[in-house]
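First comes the structure, then the notes that go with it.
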Amino acid sequence: MKSDDVKILQEVQKNTKMAIKAIDTISEKIYDDDLSMHVTRESMRYADIYNKATDRLLNGKAASYRETGFQDMMLKGGVRANTMLNTSTSHIAELMIQGSNRGLTSMWKAVNHYEKAGNISMEIAKELMDFEEKNIERLKQYL
């Protein structure tokens with residue numbers, strides 16, 4: 001497996017793992033049943049994409065992305081701080097849109113930087129990016 005493939009797939013793992021953790025952290029603050037159902041479906045889709053990237057890395061005998069405890073702490077702390085005073089549906093949707101935008105930016109950087117990655121790795125990356133864009137569109141209704 002080429003180095004660019006590994007980097008793209010690790011970036012997919014990083015973004016999907018962060019999204020799942022953010023959703024897990026924010027879910028307890030969601031009081032709108034429709035939004036709660038939406039984020040549960042989102043989490044399952046992120047897990048599916050994460051598993052595709054992980055399977056590809058395992059098949060290529062490459063290392064998976066390893067997060068640091070600091071990143072996890074910062075993510076959870078940021079979510080808690082941003083929802084401490086405002087847990088409105090609109091605010092939660094806004095935070096989730098911001099997270100999806102950060103994920104998209106990160107993925108675009110990786111795709112542009114690791115352009116020698118193969119078709120399968122790029123397809124997984126583009127699947128995540130398409131999913132993020134659709135999430136943003138779906139979440140706008142809650143603003």
Side-chain angles (χ1 to χ4, degrees), residues 1 4-115 117-143:
M1 179 174 274
D4 281 10
D5 286 297
V6 172
K7 295 296 185 188
I8 287 281
L9 294 169
Q10 287 176 340
E11 190 66 27
V12 168
Q13 284 184 313
K14 176 181 134 188
N15 279 285
T16 53
K17 192 177 267 194
M18 286 183 71
I20 291 167
K21 285 187 180 208
I23 288 170
D24 288 347
T25 305
I26 211 166
S27 288
E28 62 196 39
K29 310 245 183 196
I30 298 174
Y31 300 106
D32 181 288
D33 290 339
D34 192 42
L35 179 59
S36 180
M37 192 82 107
H38 174 81
V39 298
T40 299
R41 278 191 226 107
E42 266 187 41
S43 184
M44 292 184 333
R45 185 76 178 107
Y46 282 122
D48 180 49
I49 296 169
Y50 175 85
N51 289 335
K52 283 182 184 181
T54 301
D55 288 346
R56 187 87 179 118
L57 286 166
L58 288 173
N59 288 338
K61 296 179 177 27
S64 285
Y65 168 75
R66 295 206 196 310
E67 67 184 323
T68 65
F70 180 73
Q71 289 170 319
D72 190 41
M73 183 181 71
M74 290 298 292
L75 172 70
K76 289 180 179 179
V79 169
R80 287 187 184 113
N82 277 306
T83 56
M84 191 178 301
L85 300 174
N86 186 354
T87 58
S88 70
T89 298
S90 174
H91 183 65
I92 301 272
E94 182 180 352
L95 292 174
M96 294 182 70
I97 288 170
Q98 289 170 357
S100 286
N101 276 325
R102 279 191 297 277
L104 265 173
T105 302
S106 170
M107 286 308 304
W108 272 113
K109 283 181 182 179
V111 164
N112 289 336
H113 187 74
Y114 303 112
E115 57 195 28
N119 288 340
I120 296 172
S121 300
M122 284 297 195
E123 283 175 21
I124 294 170
K126 288 189 187 326
E127 181 181 353
L128 174 59
M129 293 162 65
D130 288 344
F131 178 63
E132 292 283 25
E133 287 173 353
K134 288 175 185 163
N135 276 343
I136 291 167
E137 287 306 310
R138 286 186 207 113
L139 287 165
K140 286 179 182 178
Q141 71 179 329
Y142 298 101
L143 293 176

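Position 1 is the first residue of the sequence; numbering continues from there.
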With salt bridge (charged side-chain N to carboxylate O under 4.0 Å, His left out) as the test, would you mind laying out the steps for E137 and K140 before giving the verdict?
CA-CA 5 Å; E137 287 306 310; K140 286 179 182 178; 2.8 Å; yes
Let's go through E132 and M107 carefully: what are the C-alpha distance in whole Å and the side-chain angles of both, what is the deciding distance for side-chain contact (heavy atoms from CB on, under 4.5 Å) to 0.1 Å, and is it a yes or a no?
CA-CA 10 Å; E132 292 283 25; M107 286 308 304; over 6 Å; no
Using the rule given for side-chain contact (heavy atoms from CB on, under 4.5 Å), can you reason through Y46 versus L128, listing the C-alpha separation, both sets of side-chain angles and the distance that settles it, and then say yes or no?
CA-CA 8 Å; Y46 282 122; L128 174 59; 3.9 Å; yes
Verify side-chain contact (heavy atoms from CB on, under 4.5 Å) between R102 and M18, making sure each step is shown before the conclusion.
CA-CA 11 Å; R102 279 191 297 277; M18 286 183 71; over 6 Å; no
D32/I92 under side-chain contact (heavy atoms from CB on, under 4.5 Å): CA gap, chis, key distance, verdict
CA-CA 10 Å; D32 181 288; I92 301 272; over 6 Å; no
Please assess D24 against K21 for the test salt bridge (charged side-chain N to carboxylate O under 4.0 Å, His left out), listing each intermediate value before the final yes or no.
CA-CA 5 Å; D24 288 347; K21 285 187 180 208; over 6 Å; no
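A side chain to side chain donor-acceptor pair (under 3.5 Å) with S64 is found for one member of Q10, K14, Q13 and no other, namely Q13.
Between I124 and L9, some side-chain heavy-atom pair lies under the 4.5 Å cut-off. The shortest side-chain heavy-atom distance between M122 and Y114 does not fall under the 4.5 Å cut-off. Between V39 and I30, the closest side-chain pair of non-hydrogen atoms falls below 4.5 Å. With a 4.5 Å cut-off on side-chain heavy atoms, M1 and R56 count as touching. When side chains are defined from C-beta on, T16 does not count as touching K52, because their heavy atoms never get closer than 4.5 Å.
Distance check, rounded to the nearest 0.5 Å: CG of D48 to CZ of F131 gives 9.5 Å. Separation of atoms CG (N135) and CG (N101) is listed at 11.0 Å; rounding is to 0.5 Å. Distance check, rounded to the nearest 0.5 Å: OG1 of T25 to CD1 of I20 gives 11.5 Å. Atoms CH2 and NZ, on W108 and K126 in that order, are 5.5 Å from each other to the nearest 0.5 Å. Atoms OG and CZ, on S36 and R41 in that order, are 10.0 Å from each other to the nearest 0.5 Å. Between the CD1 atom of I26 and the OG1 atom of T83 there is a distance of 6.0 Å, given to the nearest 0.5 Å.
Across every non-hydrogen atom of A125 and V111, the tightest pair is CB-CG2, 4.0 Å. Of all heavy-atom pairs between D4 and A117, the closest is CB-N, 3.5 Å. Closest non-hydrogen pair, D5 versus S121, comes out as OD1-OG, 2.7 Å. Heavy-atom minimum distance, A22 versus L75: N-CD2, 3.8 Å. Here the closest heavy-atom approach between residue V6 and residue A63 is recorded as CG1-O, 4.4 Å. Across all their heavy atoms, N82 and H91 have their closest contact at O-NE2, 2.6 Å.
In this structure, Y142 and H38 have tilted ring planes: the angle between them lies in the 30° to 60° band.
Counting heavy atoms of neighbouring residues, nucleotides and ligands inside a 6.0 Å radius, atom NZ of K29 exceeds 12 of them. The local environment of CD1 in I120 is sparse, with at most 12 non-hydrogen atoms from other residues, nucleotides or ligands closer than 6.0 Å. Heavy-atom neighbours of L143 CG from other residues, nucleotides or ligands within 6.0 Å: above the threshold of 12. For N119, the CG atom sits in a loose shell: 12 or fewer heavy atoms of surrounding residues, nucleotides or ligands are nearer than 6.0 Å. Within 6.0 Å of CD on E115 lie no more than 12 heavy atoms contributed by other residues, nucleotides or ligands.
We find that R45 and E127 are joined by a salt bridge, their nearest charged nitrogen and carboxylate oxygen being less than 4.0 Å apart.
S27 places a side-chain N or O within 3.5 Å of a backbone atom of I23 that can act as its donor or acceptor partner.
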